[in-house]
Amino acid sequence: MSVFNSMRINASGLTLERIKLDVISSNIANVNTTRTEEGGPYQRKEVVFQEMVEKAQNTVSGLGERITSGVKVTEIREDQEGLRSVYDPAHVDADENGYVLMPNVNLLDEMVKLIEAQRTYEANATALKASKSMLNKAIEITKG
């Protein structure tokens with residue numbers, strides 16, 4: 001694996017984690033949103049991603065190899081399950097029985113995912129910094 005491929009993988013990881021942080025922040029901000037533009041309560045969003053794979057020709061064997069070149073976001077989808085029904089007859093969005101349909105966002109789960117995304121972002125940033133340092137050392141060595 002070249003240092004540039006390593007940097008490309010880390011950069012794609014940084015992008016993925018930034019998007020995850022944005023989506024998690026949106027989920028947390030809308031934990032009590034009972035009315036959206038589409039109508040109904042806010043529905044939790046989640047990031048779906050996949051590995052980016054390239055085919056490379058092996059110069060020794062002549063066979064094609066799969067080389068990972070990072071990750072990419074394929075979609076941001078709404079979680080359709082788990083809307084909560086809460087009894088609050090004084091709420092503006094309560095139905096005729098006094099129940100309000102609440103978002104399916106669990107604040108505790110979102111905070112755990114937020115911390116996980118932050119740590120993964122930091123790990124990718126550290127790895128990218130290490131790759132940059134190796135590249136700088138290689139340039140210094142070639143200058144002699």
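Just so you know, these numbers come straight off a predicted model, no measurement behind them.
Residue Leu107 is grouped with residue Leu21 when hydrophobic side chains (ILVMFWY) are merged at heavy-atom distances under 4.5 angstrom, including chains of intermediate members. The hydrophobic clustering, which links ILVMFWY residues whose side-chain heavy atoms are closer than 4.5 Å, places Leu16 and Ile9 apart. By the rule that hydrophobic residues join a cluster once side-chain heavy atoms approach within less than 4.5 Å of another member, Ile76 and Ile24 end up as members of separate clusters. Residues Ile19 and Leu14 do not share a hydrophobic cluster, clusters being chains of Ile/Leu/Val/Met/Phe/Trp/Tyr side chains in contact below 4.5 Å.
The shortest distance between side-chain heavy atoms of Val48 and Val73 does not fall below 4.5 Å. Between Pro41 and Met102 there is no side-chain heavy-atom pair separated by less than 4.5 Å. Lys132 places a side-chain heavy atom less than 4.5 Å from the side chain of Met7.
Thr34 and Tyr42 are not linked by any side-chain donor-acceptor pair at a separation below 3.5 angstrom, with hydrogens and angles left out of the test. Thr74 and Gln50 share no donor-acceptor pair across their side chains, judged by distance under 3.5 Å alone.
Atom CG in Asn124 sits 14.5 Å away from atom NZ in Lys129 (nearest 0.5 Å). From Asn104, atom CG reaches atom CD of Glu81 across 9.0 Å, with rounding to the nearest 0.5 Å.
Within the 3.5 Å criterion, the main-chain N or O of Asp22 finds no donor-acceptor partner in the side chain of Ser26. No donor-acceptor distance shorter than 3.5 angstrom exists from the side chain of Asp93 to the backbone of Leu101, with no hydrogens or angles considered. At distances below 3.5 Å, not a single donor-acceptor pair connects side-chain atoms of Asp79 with backbone N or O atoms of Lys45. Panel note: side chain Thr126, backbone Glu122; a donor-acceptor pair is recorded below 3.5 Å. No donor-acceptor pair closer than 3.5 Å links the side chain of Asn30 to the backbone N or O of Thr33. When atom types are taken as modelled, the side chain of Ser12 and the backbone of Val71 share a donor-acceptor pair closer than 3.5 angstrom. Remark: the backbone N or O of Asn97 is paired with a side-chain donor or acceptor of Asp95 at under 3.5 angstrom. The main-chain N or O of Pro103 is found under 3.5 Å from a side-chain atom of Arg84 such that the two form a donor-acceptor pair.
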Test side-chain contact (heavy atoms from CB on, under 4.5 Å) on Arg44 and Glu78 and set out the steps.
CA-CA 6 Å; Arg44 183 182 163 279; Glu78 290 184 345; over 6 Å; no
Given Glu110 and Val105, is the side-chain contact (heavy atoms from CB on, under 4.5 Å) satisfied, shown in steps?
CA-CA 7 Å; Glu110 296 301 320; Val105 177; 3.7 Å; yes
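Residue Glu46 forms a salt bridge (charged side-chain N to carboxylate O under 4.0 Å, His left out) with just one option from Lys20, Lys113, Arg77, and that option is Arg77.
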